[in-house]
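Before I ask anything, here is the structure I am working with.
Computed over heavy atoms, backbone and side chain alike; hydrogens, waters and symmetry mates excluded. Per chain, numbering begins at 1; letters A, B, ... match sequence-line order.
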Protein chains: 2
Amino acid sequence: MSNKKKIAESAISRLSLYLRILEDMVEEGEPTVSSQTMASQSGTTAAQVRKDLSLFGSFGRRGLGYSSTDLVSRIRQILGLNRRWKIAVIGMGRIGSALVEHKGFFDRGFDIVALFDTSDFKVGSNVHGLKVHHVNDMRALVQDKNIEIVVLTVPVEAVTDVTDLINDSGVRGILNWTPARLAVSQSIEVKNVNMVMELEALSFKLSQS
Amino acid sequence: MSNKKKIAESAISRLSLYLRILEDMVEEGEPTVSSQTMASQSGTTAAQVRKDLSLFGSFGRRGLGYSSTDLVSRIRQILGLNRRWKIAVIGMGRIGSALVEHKGFFDRGFDIVALFDTSDFKVGSNVHGLKVHHVNDMRALVQDKNIEIVVLTVPVEAVTDVTDLINDSGVRGILNWTPARLAVSQSIEVKNVNMVMELEALSFKLSQS
DNA sequence: CTAATATTGTGAAGTATTTCACAATCAAAA
DNA sequence: TTTTGATTGTGAAATACTTCACAATATTAG
Ligand SMILES: NC(=O)c1ccc[n+]([C@@H]2O[C@H](COP(=O)([O-])OP(=O)(O)OC[C@H]3O[C@@H](n4cnc5c(N)ncnc54)[C@H](O)[C@@H]3O)[C@@H](O)[C@H]2O)c1
Ligand SMILES: NC(=O)c1ccc[n+]([C@@H]2O[C@H](COP(=O)([O-])OP(=O)(O)OC[C@H]3O[C@@H](n4cnc5c(N)ncnc54)[C@H](O)[C@@H]3O)[C@@H](O)[C@H]2O)c1
């Protein structure tokens with residue numbers, strides 16, 4: 001797929017929201033849905049919904065709205081969810097193992113297929129039916145299993161070491177849970193999940209009022 | 001504090017980043033820091049850093065840069081971190097209990113002072129030295145302990161019930177881990193941590209190239 | 001004291017994103 | 001068939017955010 005126009009990050013987040021709403025609609029048997037409905041359920045405006053969708057094509061029917069099932073598959077297509085993604089979790093501590101046991105990822109197209117750690121206690125053990133490998137074997141397993149995304153849940157002290165291994169592994173995307181900013185090669189996409197930052201944003205808002 | 005001008009969400013996120021960078025600088029004994037240094041470490045531009053800070057005042061010295069220690073306390077002040085926040089965690093499952101054991105929150109000014117669940121197995125038990133209360137006692141405990149923020153880690157099916165209890169409790173902010181959009185009273189601030197949405201954004205980016 | 005160098009603070013310019021507003025289109029009712 | 005009512009798709013306008021560019025300051029060297 002060629003990368004033509006630049007799509008705002010915010011538009012992509014909203015598409016994720018719309019997708020969840022639409023899936024609920026389909027489940028409830030609603031055949032069509034209007035931009036207004038999607039807007040009120042996702043906390044935006046009808047014009048914003050239509051503009052977001054129009055970045056990718058004309059999916060609705062004037063006077064009628066959008067076919068729920070059709071729009072679900074359109075958005076899945078847009079987001080690259082018309083396939084499954086293989087992911088690995090690096091760092092089998094408290095957060096890492098909580099994630100592995102969570103079925104929400106599988107349900108939405110992400111298969112956890114490998115786990116990594118360095119601790120002698122953890123390497124070789126099983127977590128939720130998956131064997132924990134040593135992080136030094138990452139390159140081999142990433143290549144072998146076609147892993148494209150890793151979730152990083154190691155202590156912040158380990159980040160530099162692990163980043164080198166990731167850079168070298170062929171992985172294309174990282175979901176980073178550590179508070180560190182990762183030094184990865186340009187071609188690797190990074191998304192950060194930073195709870196403390198979210199709490200600080202709450203702190204700011206609450207201090208304002 | 002009166003809420004004068006509107007500050008962009010993105011500016012607040014960046015202030016969190018700058019704060020972390022500056023704290024590292026202080027630790028390393030750097031007395032001053034330039035906007036350029038902060039910019040390169042946080043992945044933005046020097047002009048952006050200066051503009052962000054200038055939204056709140058003039059903290060630097062021309063020709064010299066910013067005093068690291070001074071700027072740390074300025075930003076802490078801006079973000080409302082010149083005090084400690086009392087928080088509760090609702091839902092002592094896999095994620096909830098991982099969060100309780102994490103010292104990163106305490107380190108940055110957030111004290112977890114109460115835990116809630118509904119399960120008979122969990123209510124009454126201890127997690128990391130804190131007793132787990134029944135969620136029905138939330139209002140009383142929130143009032144009693146002056147809890148202002150709750151972290152929500154309950155199953156999505158429980159969200160409606162718990163949201164009612166939260167609305168009624170006097171809590172001012174929520175860090176929502178569930179994939180649901182919360183129906184809370186206007187006066188409550190909500191921040192969402194949505195991993196699946198982040199994975200979907202990765203999926204989109206990786207599908208583009 | 002003057003010159004050279006560094007770096008802030010901030011209007012103005014440039015981009016990006018959101019909202020507006022309305023012609024185009026469709027279904028259903030008259 | 002015509003009218004009414006609903007709702008999309010999209011340029012244009014409005015807003016929001018980022019980057020530019022430079023005067024104002026500060027330090028240091030000569
Ligand atoms: N626990 C939380 O609530 C929480 C919240 C937000 C962010 N985080 C961040 O997530 C990360 C993990 O947190 P946690 O609480 O799960 O920590 P943890 O200490 O429970 O787990 C870390 C795991 O990483 C493993 N590890 C250490 N070095 C490694 C290496 N080089 N390669 C692979 N694995 C390695 C350890 O053996 C351990 O199993 C930390 O960076 C933390 O700041 C945690
Ligand atoms: N585990 C993950 O990796 C992960 C990742 C992202 C988001 N989430 C979301 O976080 C939430 C929690 O996930 P989890 O894996 O920790 O689930 P979990 O099932 O392990 O834990 C949920 C806990 O909530 C308690 N609970 C149920 N109803 C309650 C109520 N009405 N009031 C208070 N407590 C109640 C349960 O007793 C249980 O202890 C879910 O919404 C999930 O979608 C989880």
Would you say V156(B) and W177(B) make side-chain contact, with heavy atoms under 4.5 Å? no
For residues 167-192 of chain B, which residue pairs qualify under salt bridge (charged side-chain N to carboxylate O under 4.0 Å, His left out), counting only residues two or more places apart or in two chains? K205(A)-E189(B), E9(B)-K191(B), E148(B)-R172(B)
Going by salt bridge (charged side-chain N to carboxylate O under 4.0 Å, His left out), name the pairs with one or both residues in residues 105-117 of chain A, residues two or more places apart or in two chains. E23(A)-R108(A), R84(A)-D111(A), K103(A)-D107(A), R108(A)-E200(B)
Sorted by number, the residues of residues 7-24 of chain B with heavy-atom contact under 4.0 Å to DNA chain D: A8(B), S10(B), R14(B)
Using a 4.0 Å cut-off to any heavy atom of chain A, which nucleotides of DNA chain C are the first and last in contact, reading 5' to 3'? dT17(C) to dA27(C)
Nearest 0.5 angstrom please: L152(A) CG to L175(A) CG, how far? 9.0 Å
If only side-chain N and O atoms count, and only distance matters, is there a donor-acceptor pair under 3.5 Å linking N194(A) with E198(A)? no
Are side-chain heavy atoms of W85(B) and V113(B) found at a separation under 4.5 Å? no
I need the full list of salt bridge (charged side-chain N to carboxylate O under 4.0 Å, His left out) pairs touching residues 59-71 of chain A, with sequence neighbours left out, sorted by first then second residue. D70(A)-R74(A)
Run through I90(A), L99(A), L130(A) and flag the one making a side-chain contact (heavy atoms from CB on, under 4.5 Å) with L115(A). L130(A)
Return the residues of residues 33-63 of chain B meeting this criterion: a heavy atom under 4.0 Å from some atom of DNA chain D. Order them by number, or give none. T45(B), A47(B), Q48(B), R50(B), K51(B), R61(B), R62(B), G63(B)
Just by distance, with hydrogens left out, do S169(B) and R139(B) show a side-chain donor and acceptor under 3.5 Å apart? no
If you measure only the distance, is there a donor-acceptor pair under 3.5 Å linking the side chains of S185(A) and S187(A)? yes
